[in-house]
Amino acid sequence: MNLLQFIQEFPDEAACRQKFKEERDKIGITCKRCNCKDHYWLGNKSSYECKKCHSRTSLRSGTVMENSKLPYRYWLITIHLLTSTKKSFSTEELRRQLGHKRYQPIWEMVCKLREVMGKRDDKYTLTGQIELDDAFFTTEVPEDQKDKPLKRGRGSQGKTKVLVMCESTPVDTPAKGKKTKKAGHLKMKVIPNLKSATITPIVKERVDGESDLTTDDSTSYVELEQHVNSHTSQVVKPEEVEKVLPWVHTAISNVKRLLLDVHHNKLKPEYLQYYLDEFCYKFNRRFFGEKLFDRLVIAAVSYRPDFRSKIHNRSYCG
């Protein structure tokens, strides 16, 4: 929906709260005390009451909004802004658009929304023909490394390692100038190192065992063939990337451009995964159009984030 439609449909706090309640009702409420699924709605308390043990569950409990005091309207406006563009917003820009004085609560809200995007995507396993490669993203040098000489290349303290996997199906008759493969679902995961012992379990968990995997000849991937139907490993020259691994490198390039535009390489490595989750969530639903808004609202009321509040300088958080 466009901005005018959003304003008409959700003009106030009550309308935004009702939207979250409608989606929560569709999912259903399970009592934390007795596991009963039958509840009354107490409008004056904005809570559900269990018909069996009479314990109450607030509308925010068990959702992305748990333990948050921000208005429902803030959450819904932010969901609209995040899903209305292929790009992203810095937290400072969202704070300005919402007219909120403090940076910290808005930063926490956006981190939680990006986290539930990742949780939603973790439900899906990659299948079929899959491209896989690793990438290095420019991030802030960790505090405990700032006094040490800056390394160069793959071991640099200012680079964060990311594993990238994308479903990639050959196109029978590609249009002129277009890619020869069609992209499916995409996954990006921050990893501490490029050791085979690190990468193999991640692939095993997120890639179907009957898939056909294509990678370069890195020694990091030597054990992958044991967990998939087939593993094609080859030396990939720069001029052949578009033929062998077109979609992982397109995704890597697009994310790097997005992060550079929004954060100017001022992002701490511990927050990179949030932005990768947002990018993958939107990429995997790139054909949803206006339905993307409702899909994120559903995810928002379906998952409680693991995020824990920390006080940080806005220059490093995004």
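Note that the structure is predicted; figures quoted are calculated from it, not measured.
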Is there a donor in the side chain of [X] and an acceptor in the side chain of [Y], or the other way round, less than 3.5 Å apart?
{"X": "E108", "Y": "Q104", "answer": "yes"}
{"X": "D25", "Y": "Y48", "answer": "yes"}
{"X": "H231", "Y": "T215", "answer": "yes"}
{"X": "T232", "Y": "T214", "answer": "no"}
{"X": "D217", "Y": "S233", "answer": "no"}

Could you measure the distance from the [atom1] atom of [X] to the [atom2] atom of [Y]? Nearest 0.5 Å is fine.
{"X": "E278", "Y": "M117", "atom1": "CD", "atom2": "CE", "result": "5.0 Å"}
{"X": "N284", "Y": "Y124", "atom1": "CG", "atom2": "OH", "result": "9.0 Å"}
{"X": "N193", "Y": "I199", "atom1": "CG", "atom2": "CD1", "result": "7.5 Å"}
{"X": "L296", "Y": "S302", "atom1": "CG", "atom2": "OG", "result": "10.5 Å"}
{"X": "E167", "Y": "Q129", "atom1": "CD", "atom2": "CD", "result": "10.5 Å"}
{"X": "K187", "Y": "I130", "atom1": "NZ", "atom2": "CD1", "result": "10.0 Å"}

Worksheet item: How close do V222 and S196 get, heavy atom to heavy atom, and via which atoms?
Response: CG2-OG, 4.2 Å
Discussion item. Ignoring hydrogens, what is the shortest heavy-atom contact between T63 and V301? Give both atom names and the distance.
Written reply: CG2-O, 3.6 Å
State whether [X] and [Y] are salt-bridged, where the test is any N-O pair (Lys NZ or Arg NE/NH1/NH2 against Asp/Glu carboxylate O) under 4.0 Å.
{"X": "K19", "Y": "D294", "value": "yes"}
{"X": "E23", "Y": "K26", "value": "yes"}
{"X": "D277", "Y": "R120", "value": "no"}
{"X": "E92", "Y": "R96", "value": "no"}
{"X": "R257", "Y": "D261", "value": "no"}

Can a donor-acceptor pair be found, under 3.5 Å and without considering hydrogens, that links the side chain of [X] to the backbone of [Y]?
{"X": "S218", "Y": "Y221", "value": "no"}
{"X": "R60", "Y": "S68", "value": "yes"}
{"X": "E140", "Y": "L267", "value": "no"}
{"X": "S61", "Y": "T57", "value": "no"}
{"X": "R286", "Y": "F283", "value": "yes"}
{"X": "S211", "Y": "L213", "value": "no"}
{"X": "S220", "Y": "L194", "value": "yes"}
{"X": "T200", "Y": "A197", "value": "no"}
{"X": "K282", "Y": "L82", "value": "yes"}
{"X": "S253", "Y": "T250", "value": "no"}

Item to complete: Classify the angle between the aromatic ring planes of F10 and F293 as parallel (below 30°), tilted (30 to 60°) or perpendicular (above 60°).
Response: tilted
Taking the six-membered ring of [Y] (Phe, Tyr or Trp), confirm whether the NZ or CZ of [X] is under 6.0 Å from its centre and within 45° of its axis.
{"X": "R114", "Y": "F307", "answer": "no"}
{"X": "R285", "Y": "Y281", "answer": "yes"}
{"X": "R17", "Y": "F20", "answer": "no"}

Fill in: Trace of the side chain to side chain contact (heavy atoms under 4.5 Å, CB included) decision for T78 with F89
CA-CA 10 Å; T78 302; F89 283 86; over 6 Å; no
Side chains of [X] and [Y]: does their closest heavy-atom pair fall under 4.5 Å?
{"X": "M165", "Y": "H185", "answer": "no"}
{"X": "K268", "Y": "T139", "answer": "no"}
{"X": "K237", "Y": "D216", "answer": "no"}
{"X": "V164", "Y": "D134", "answer": "no"}
{"X": "L3", "Y": "Q8", "answer": "no"}
{"X": "E210", "Y": "T127", "answer": "no"}
{"X": "L272", "Y": "L259", "answer": "yes"}

Discussion item. How about NZ on K51, more than 12 heavy atoms from neighbouring residues, nucleotides or ligands closer than 6.0 Å, or not?
Written reply: yes
Worksheet, complete the sentence: The salt bridge (charged side-chain N to carboxylate O under 4.0 Å, His left out) partners of E66 (sequence neighbours excluded) come to R304
Show every donor-acceptor pair shorter than 3.5 Å between a side-chain atom in residues 35-43 and any protein atom, with sequence neighbours excluded, or say none if there are none.
residue: K37; atom: NZ; partner: T30; partner atom: OG1; Å: 3.0

Discussion item. I'd like to know whether S168 forms a side chain to side chain donor-acceptor pair (under 3.5 Å) with K179, so could you lay out the CA-CA distance, the side-chain angles of the two residues, the decisive distance to 0.1 Å, and finally the verdict.
Written reply: CA-CA 10 Å; S168 181; K179 284 182 171 59; over 6 Å; no
Practice prompt. Please lay out, stage by stage, how W107 and Y274 fare under the test ring pair (Phe, Tyr, Trp, His ring centres under 6.0 Å).
Written response: CA-CA 12 Å; W107 172 69; Y274 294 127; 8.0 Å; no
Discussion item. I'd like to know whether K159 forms a side chain to side chain donor-acceptor pair (under 3.5 Å) with T138, so could you lay out the CA-CA distance, the side-chain angles of the two residues, the decisive distance to 0.1 Å, and finally the verdict.
Written reply: CA-CA 5 Å; K159 299 289 185 180; T138 301; 2.9 Å; yes
